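One structure is given here, and the rest of the page talks about it.
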2 protein chains.
Amino acid sequence: MTTEQDQERAALNERHRIRMERKKEIIDAKIAAADKQIGIIIVNTGNGKGKSSSGFGMAIRAMGHGMKVGVVQFIKGAMETGEEMFLRRFPEEISFHSMGEGYTWVTQDRERDIAKAQLAWQQAKRFLTDPEIGLVVLDELNIALKYRYLDIETVLTDLLVRPALQHVVITGRGAPPELIDIADTVTEMAVVKHAFKAGIKAQAGTEW
Amino acid sequence: MTTEQDQERAALNERHRIRMERKKEIIDAKIAAADKQIGIIIVNTGNGKGKSSSGFGMAIRAMGHGMKVGVVQFIKGAMETGEEMFLRRFPEEISFHSMGEGYTWVTQDRERDIAKAQLAWQQAKRFLTDPEIGLVVLDELNIALKYRYLDIETVLTDLLVRPALQHVVITGRGAPPELIDIADTVTEMAVVKHAFKAGIKAQAGTEW
């Protein structure tokens, strides 16, 4: 390597160091300013992938820290998913309830869907009043709210009066604005590209 | 309930049934048209939450179906996360490698970051040439590509020549366009709201 190349590389490394040092200062200041430790409500919405799988990723994150987790699946449930098969191995750590009857366009019976969603909410409420549960995952709750299978005011009240340190993850397309208002962290999963549209089948291990 | 209310409700239920029946036809037709079963590349990018946690949610989904999983974390790694603590319990099912040195703005040393990223890629390559591994999670690979710690052409080639049925999940902000081009499913996690901005601390069980 020539001396000139050496100098160029040294200059590049030094610029990188200065840039990263500045970035560290900014991030450290933000971390110092963020001092509240409270249970948060996380909403994963949008038409893209990753809403439920992120909720289950958070479940194992919480379990890794010794927290207990409660899961209620509102719409899915007729088909046993990989995450459910896996998580059912740990009944002491995670309590798993799939109370839906498959997707609503499979059942085509609105009254039955409502009854099932309300039963599922009773289970959710048991988790939301139990301070031993560190994280509650309400999978596809947004769908149940969107179809008005549940009363939004009841849901919001039960969420707000939960134990102070309990975290909640809520997933599903079309999160209602009232829920977004009371949430702490909201992510919109947007489709950039989807394998299904290219004729690739929904497969075990990736889609369910 | 009056007869009028009964009639209204019956009509509502019937409209719901018809709408859902039509939806089922459309979805069934799409499922029938999607018949390819191949390993796919999934990219989770964007500035919002859920990119890595969705990757780990997919890891347990795959494990639930009896697949073996390989994980390489490219940038994180100095701090032990909840998901890592949890997943390290299953060494027969998931092989976990955290080869980063914490975030790059912590190390501030570009040459060292490059060396670490390249070592991590060697591990990734071992997974990407092993047909026994059903799912490979390359956590924060996009960051290593963005800072040019790895050669994009090498990475793309190694991804494309992997076993035919192997799935790959790649996470991190700023996925390069060349990677998006070869990916099958790409999701942009967009921030709608973030608890950190409201002064809430990064907490065990939700953020790490």
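As a basis for the values below, the full set of heavy atoms in this structure was taken, side chains included, without hydrogen atoms, waters or symmetry mates. Lettering follows sequence order; numbering is per chain, from 1. On a predicted model such as this, the values are computed, not experimentally measured, just so you know.
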**Prompt:** With respect to Lys49(B), which candidate in Val186(A), Val169(A), Thr185(A), Val43(A) satisfies the side chain to side chain contact (heavy atoms under 4.5 Å, CB included) definition?
**Reply:**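 By the side chain to side chain contact (heavy atoms under 4.5 Å, CB included) criterion, Lys49(B) pairs with just one of Val186(A), Val169(A), Thr185(A), Val43(A): Thr185(A).
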Rounded to the nearest 0.5 Å, what separates atom [atom1] in [X] from atom [atom2] in [Y]?
X	Y	atom1	atom2	result
Arg148(B)	Leu12(A)	CZ	CG	10.5 Å
Met63(B)	Leu87(A)	CE	CG	9.5 Å
Glu188(B)	Met189(A)	CD	CE	11.0 Å
Glu84(B)	Arg61(A)	CD	CZ	11.5 Å

Go through the atoms of [X] and report whether side chain, backbone, both or neither lie under 4.5 Å from a heavy atom of chain B.
X	value
Ile41(A)	neither
Arg88(A)	neither
Met67(A)	side chain
Glu14(A)	neither

**Request:** Give the minimum heavy-atom separation between Lys193(B) and Ile180(A), together with the two atoms involved.
**Result:**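 So the minimum-distance heavy-atom pair works out to NZ-O, 2.7 Å.
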**Message:** If I compare all heavy atoms of Thr81(A) with all of His65(B), which pair ends up nearest, and what's the gap?
**Reply:**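 Thr81(A) and His65(B) have their closest heavy atoms at C-NE2, 4.4 Å.
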**Asked** Under a 4.5 Å heavy-atom cutoff, which of Ser53(A), Gly57(A), Gly64(A) has the most pairs with chain B?
**Response**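 Option with the greatest count: Ser53(A).
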**Message:** Less than 4.5 Å to any heavy atom of chain A: does that hold for the side chain of Ile18(B), its backbone, both, or neither?
**Reply:**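 Neither part.
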**Item:** Residue Ile60(B) versus chain A: region with a heavy atom under 4.5 Å
**Value:**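 Both parts, backbone and side chain.
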**Message:** A side-chain contact here means heavy atoms from C-beta on lying under 4.5 Å apart; do Arg9(B) and Glu111(A) qualify?
**Reply:**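 Heavy-atom side-chain distance check passes, below 4.5 Å.
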